[in-house]
Asks: 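Questions regarding the structure given below will be posed in turn.
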Amino acid sequence: MAQARFVEIGRVVYANFGPESGKLCVIVDVIDAKRALVDGPTTGVIRQQMPFSRISLTEFVLPIKRNQKSANVAKSFDEHEIIKKWNASHAGKHVASALRRASLTDFERFKLMVAQKKKSLLVKKEMKKIKPKH
Amino acid sequence: MVKWYPTEDVQKVRVKRANKPSKLRGRISPGQVLILLAGKHQGKRVIFLKQLEGGLLLVTGPYKFNGVPLKRVPQAYTVPTSTKVDVSGSDFSKINDAYFAKEKENAKKTEEAFFAPKKEKKPFSDAKKAMQKSVDAGIAGKITDPIVKKYLKTKFRLRNGMFPHTLKF
């Protein structure tokens with residue numbers, strides 16, 4: 001349990017399902033065992049309830065109070081440059097690349113396939129040098 | 001009121017609808033790469049040249065790249081991609097539906113003709129070969145990027161995790 005992420009007031013979460021999917025928001029209060037009150041004034045998420053099944057916890061936590069006003073949540077969000085940090089983070093990059101992959105055209109997918117084949121060929125060549133021959 | 005029935009059965013006259021040629025889909029324009037969905041060449045990526053009078057699309061491989069000749073294809077059996085190739089250097093204005101008409105054979109159906117061994121297939125006309133070459137030369141000459149050449153040579157293939165309704169073409 002080295003880097004456990006907890007559901008807490010101020011935890012920045014990523015909505016990965018539902019109408020707000022793809023957006024970052026902040027846990028402002030916990031309603032019950034299944035739902036939280038989230039708010040994302042700078043990312044376009046209206047203050048609303050959200051089931052935990054729809055969100056992924058990110059590594060970022062904001063020092064806000066329970067039921068903090070939206071304006072102050074926005075202030076804290078911007079102060080800590082969460083969007084910038086999210087885009088640079090491992091999870092944020094993964095999300096961005098998944099979106100990119102989904103929007104590839106047929107020709108781009110083909111170019112990707114050719115590039116991957118080239119890469120794997122190089123890798124196999126090097127592997128052959130390392131592996132002992134049977 | 002009770003429905004009125006005629007005393008004699010009258011055949012309902014069906015108005016024969018004029019067969020309208022299909023409208024060209026928005027994204028398809030000359031030079032567009034299409035994926036053929038049916039027939040011998042299914043999966044192949046071909047280049048759209050123009051829509052013929054009957055509504056079918058005129059496409060070409062080019063023949064040297066993927067073995068698809070000048071061919072007519074119904075629009076419903078193609079998937080347009082967003083890739084376009086320059087076809088301005090190619091002249092295909094003379095090709096129309098009449099170009100593809102089968103040569104009529106004056107064979108009378110006699111008894112001996114029925115039992116005679118089947119005639120050999122007529123070889124592909126030289127005029128058509130020449131037309132193919134000239135049309136393709138104008139297109140292939142402009143394709144300099146080897147990746148585009150490879151793209152036209154390769155067939156489209158669905159793999160695990162690829163769902164057509166989520167794919168962008």
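All chains are named by letter (A, B, ...) in the order of the sequence lines, taking the proteins before the strands, and each is independently numbered beginning at 1.
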Asks: When A:D106 is tested against each of B:K155, B:R45, B:K168 for salt bridge (Lys or Arg N to Asp or Glu O under 4.0 Å), which residue passes?
Replies: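 When B:K155, B:R45, B:K168 are each tested with A:D106, the salt bridge (Lys or Arg N to Asp or Glu O under 4.0 Å) holds only for B:R45.
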Asks: Heavy-atom cut-off 4.5 Å, strictly under: side chain, backbone, both or neither for B:L167 against chain A?
Replies: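 Answer is both: backbone and side chain atoms of B:L167 are under 4.5 Å from chain A.
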Asks: What I want to find out is whether A:E59 reaches A:R11 closely enough, with some N-O distance under 4.0 Å, to be called a salt bridge.
Replies: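 Salt bridge: no.
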Asks: Considering only heavy atoms, which portion of B:T166 lies under 4.5 Å from any heavy atom of chain A: side chain, backbone, both, or neither?
Replies: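 For B:T166, the contact with chain A is made by the backbone alone.
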Asks: Check each atom of A:F107 against the heavy atoms of chain B and say whether the ones under 4.5 Å are side chain, backbone, both or neither.
Replies: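 Its backbone and side chain both get close to chain B.
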Asks: Is the closest side-chain donor-acceptor distance between B:Q32 and B:T81 under 3.5 Å?
Replies: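 The criterion, which ignores hydrogens and geometry beyond distance, is not satisfied for B:T81 and B:Q32.
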Asks: Within the supplied structure, the quantity of interest is the number of heavy atoms (other residues, nucleotides, ligands) at a distance under 6.0 Å from B:K44 NZ; does it exceed 12?
Replies: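 Atom NZ in B:K44 is packed in, count exceeds 12.
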